Each structure stands twice: as structure tokens, then as C-alpha cells.
Amino acid sequence: MKEKSLKQLLEEARRQIEVTDDELAEAKRRRQLLTNALGRAFPGSTVYFNGSVAHGDANTPLTDVDLGAKLSPGDAQGFGPDGDDALPLMERARDAIREQLGDEFPKLTAEVAGRRRAVLVRFGDPVTAGQPDFTADVMTAIPHPSGKGLFIPNMEIADKWDRADPITHTEMVLDAIDKTENTFARTVRLLKRWNCTHSKPLCSWNIKALALECITAPMPLAEALQAFFTHAAQELKSGQTDDPAGVAGLIPLNLPISEVRKRLDTAREYIDLAIEHEAENRPLSAQHVLSKVFPEIVPDADPTQEEAARLRLDVVVTGSAASGLGLVGPRVTLTRAWRRRDGDLVRGSACLVGPTGTGRPASLRRRPPAFVRQRSAHLPG
């Protein structure tokens, strides 16, 4: 197998999952058709875009798009927590979408019944070949009296409306992409793929909200991932993530917070180890642990020969393979403490010098974390 750097592996991985130009163009075309329909249904409204297509971090296959109409004061009159719910507005949007798009998409459906926040549009025609369909969530929102954010429908609570600020969210994400020279979007793409292959502990917006706090400048993707997993695990120690726009409430998690933190910690340890292996010129070992984070887009590598060479070197340098397999944790150097006996300096019991501590007997070295323990291999002859 050809050796590759973490930079090469992550660049190849993110290109595999990045939405194609054709997918993106067609999704935006359909979004514009929906925008035109909302304009006819609510003259004077402002249509806003949110979600992955608007945020510039969509992956393939592309299966949906998100948008909403911020209604004019006239159209919004009488609606809100102290007035009517959004059902009449959602039905108005539904009817306009059916009328405007029905001829081009004969299988199109627009659903309102049982919908919590938005009209669900099913085109009956996928954007990505091989996918069952392409959908859109179309929201009807009204201005908040304070001028900050919106009231958006929530048909499952007593007030029938929630506060949110999707317009500011999109502005914040696009600003981060610009300031980081696309590092933000590329990292988010990878993080969304990690999320999907590890039980979806976080919603996509939670990933972005956390990333806004720690990916603030251009940096290599490996370092950006390391920064995210470290920051996210630390932040969730104090609870769920606040809305970065300061309008909505806490961002809900998809799993119990202890399980979310466990997955973040595990990913952080793998990324740390991959970076360490690369720094010590063990590219196959680095690739092997990186594939644990991105199992479908980073091919696994066999680090056996590489590790065997390192163990042989340890024998030559230290007289013992004390550190075991490098795959299981940081390098540790075996040395011996000096002590006096009968007035002369003599070497004592074996001690470990390195990340686990200085002057600690080798017999007391802690076992590595369970998720990276591997069965010891026989040293080659």
C-alpha cells in the first residue's frame, strides 16, 4: 500500500463525500422554484435559505433542501404565541407549491398534516441518482417583536411557536467559511460523516455550533478535527450547547449526553494517536487509527511491518520492547533509576520515562484504554 499523509487521506476523504456540482445546481434550481412559489403566496415576504446547501457543507448523496419565508407584517398579523398557529400559513404555502411545481414534477406531494414546523415537499424525483427522492422543508416564519430572530412554527407545544434565528445562523456559518478559507466547511463535511457512522449523537446544527467556537482560522484538517473533538467533549461536560445566535434554547442531543461525550472522547483519542504516529514517521499506523474515525472513506492499513520495525529499534536502543505496540498509546522509554548501595551508584529496577510519568516502575504502568488495546505480537527474529 502506498503511504499517504494525514493531509492526503483527509483531502481524499472529504472529496469523496462532497456534493457534486450537478447535484448542487439542480438542488438550487428546485429551491428557486420553491422561492418563486412562496413569493406568489406571500407577496412582500423575504425568503431565506438554511441547511447544508445554504451553509456550503452539503455531502453526497444530496437528499433535501431547506428554506423559509419571513412574512411581511401584514401577512403575519394575528399569528404568533398570542394569536393563531401556523397551520393556515402552511396550507397557503402548500397550495402555491402544488400549483407552481406540479406540472414539472407530476409525482410531487406537499404535506402539512402532522408536520411539526414546515411543509414537507416530496418531488418524486431524486437529485442524486439511486436515491429514492429529493425533499424540501419549507417554513413559514413571522418576525419577532423584538426585531431579533423569528417565531417559527412548532405544532407540538402549547404556544405553537418557537423562537429561532436561521438567518443569523447562515450568516455566521458563511462568515466562518470565509475567515477559515474553507477549512470550516471541509471539516464540517467530515464531521457530519463521522456523526452518521457513529450512531448520530449530534444533529448537524450542533456540530456547526460547536465548530463555530473552535475552528476560527485556516488550519490542516487533522488539526481542525482534533480541535473540534477536544472542544466538543469539554463543552458538553457542562451541558447541552447554547444557540450561537443567542435566540433559541439549548440544542437537543440525539443520545444521552454521557454517550455523546463517550463518542467524542473516543474520536479525539484516535485523532490524537493518528497525529502522533505521523509525527513519529509511522504513516500506516496513522492511517489505521484514522480509519476507525472514518471507516467508510479512509481505507484501513496494515501497520504490522511498521510496528515490527519500531519494536526492533526499541530492542536495539533500550534492550527491551517495553513500550509494546505503538498502536496502543504514546511512546514510553524504558530506563533504570540510579541508587546508592555500599557507597557506589548502581542501577535499580526498570522505570518508565515519558507521558505516563517519570521514575515509575514498569510493572505499575497503566494499561492503555480498552478501545485501543491490542493483543501483543511476538517480536520478529
Side-chain angles (χ1 to χ4, degrees), residues 4-14 16-18 52 57 59 180 183-216 219-241 251-280 282-301 303 325-330 355 368-374:
K4 295 182 179 180
S5 67
L6 291 179
K7 178 180 179 180
Q8 290 173 311
L9 291 168
L10 290 171
E11 282 293 321
E12 291 175 3
R14 65 102 178 162
Q16 286 182 56
I17 60 177
E18 186 174 293
S52 64
D57 53 47
N59 284 340
T180 63
T183 298
F184 185 92
R186 291 169 180 173
T187 306
V188 166
R189 280 192 168 100
L190 289 167
L191 289 169
K192 291 198 295 185
R193 187 54 173 252
W194 163 81
N195 194 53
C196 287
T197 54
H198 293 82
S199 306
K200 291 188 177 180
L202 301 168
C203 70
S204 293
W205 175 237
N206 204 344
I207 291 173
K208 296 176 198 181
L210 289 164
L212 284 169
E213 299 171 342
C214 61
I215 303 174
T216 58
M219 65 182 77
L221 289 176
E223 292 180 17
L225 291 167
Q226 185 181 50
F228 175 85
F229 287 122
T230 300
H231 173 76
Q234 182 63 35
E235 283 297 301
L236 288 177
K237 286 183 180 179
S238 57
Q240 293 168 238
T241 310
I251 302 174
L253 299 170
N254 294 336
L255 294 175
I257 195 166
S258 60
E259 290 298 317
V260 177
R261 287 183 53 210
K262 185 184 299 183
R263 283 163 174 76
L264 292 168
D265 281 331
T266 299
R268 175 187 55 77
E269 291 183 21
Y270 275 132
I271 294 295
D272 287 350
L273 195 54
I275 292 172
E276 177 188 321
H277 282 315
E278 182 168 76
E280 297 185 358
R282 296 196 295 274
L284 296 179
S285 299
Q287 181 173 342
H288 174 65
V289 293
L290 185 65
S291 72
K292 305 300 182 185
V293 184
F294 302 109
E296 297 176 352
I297 56 176
V298 174
D300 199 359
L325 286 175
L327 295 178
V328 303
F371 81 95
V372 291
R373 282 204 298 268
Q374 300 185 21

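Since we're looking at a predicted model, the values are computed, not measured.
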Measuring from [X]:[atom1] to [Y]:[atom2], what's the distance to the nearest 0.5 Å?
| X | Y | atom1 | atom2 | answer |
| --- | --- | --- | --- | --- |
| Ser291 | Glu296 | OG | CD | 12.0 Å |
| Lys292 | Leu273 | NZ | CG | 11.5 Å |
| Ser199 | Asn254 | OG | CG | 10.0 Å |
| Ile275 | Tyr270 | CD1 | OH | 15.5 Å |
| Arg14 | Leu191 | CZ | CG | 14.0 Å |

Identify the heavy atoms of [X] and [Y] that sit nearest to each other, and give their distance.
| X | Y | answer |
| --- | --- | --- |
| Ile215 | Ala224 | CD1-O, 4.0 Å |
| Val260 | Leu255 | CG2-O, 3.6 Å |
| Asp272 | Gln226 | OD1-NE2, 2.8 Å |
| Leu190 | Phe294 | O-CE2, 3.2 Å |
| Ala222 | Ile271 | O-CG2, 3.8 Å |
| Leu202 | Asn195 | O-ND2, 2.5 Å |

Less than 4.5 Å apart, side chain to side chain, heavy atoms only: is that true for [X] and [Y]?
| X | Y | answer |
| --- | --- | --- |
| Pro201 | Arg261 | no |
| Val188 | Lys208 | yes |
| Arg282 | Glu276 | yes |
| Lys4 | Glu12 | yes |
| Leu10 | Leu290 | yes |
| Val298 | Val293 | no |
| His277 | His288 | no |
| Glu278 | Pro283 | no |

Keeping [X] on the side-chain end and [Y] on the backbone end, is there a donor-acceptor pair under 3.5 Å?
| X | Y | result |
| --- | --- | --- |
| Thr216 | Leu212 | no |
| Thr183 | Thr180 | yes |
| Gln240 | Ile251 | yes |
| Glu259 | Pro256 | no |
| Gln16 | Ile297 | yes |

Option passing side-chain contact (heavy atoms from CB on, under 4.5 Å) with Cys214 (candidates Glu235, His231, Gln234):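 So, applying the side-chain contact (heavy atoms from CB on, under 4.5 Å) to Cys214 and each of Glu235, His231, Gln234, only His231 qualifies.
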
Pairing residues for Phe229 by the ring-ring contact (aromatic ring centres under 6.0 Å, His included) criterion, not counting sequence neighbours: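 Testing Phe229 for ring-ring contact (aromatic ring centres under 6.0 Å, His included), a comparison that skips the adjacent residues, returns Trp194.
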
Side-chain donor-acceptor pair present, Gln287, Asp300, cut-off under 3.5 Å: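 No, Asp300 and Gln287 have no side-chain donor paired with an acceptor closer than 3.5 Å.
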
Salt-bridge present (Asp57, Arg186; N to O < 4.0 Å):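 No salt bridge links Asp57 with Arg186.
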
Salt bridge flag under 4.0 Å for residues Lys262 and Asp265: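 No, this pair does not count.
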
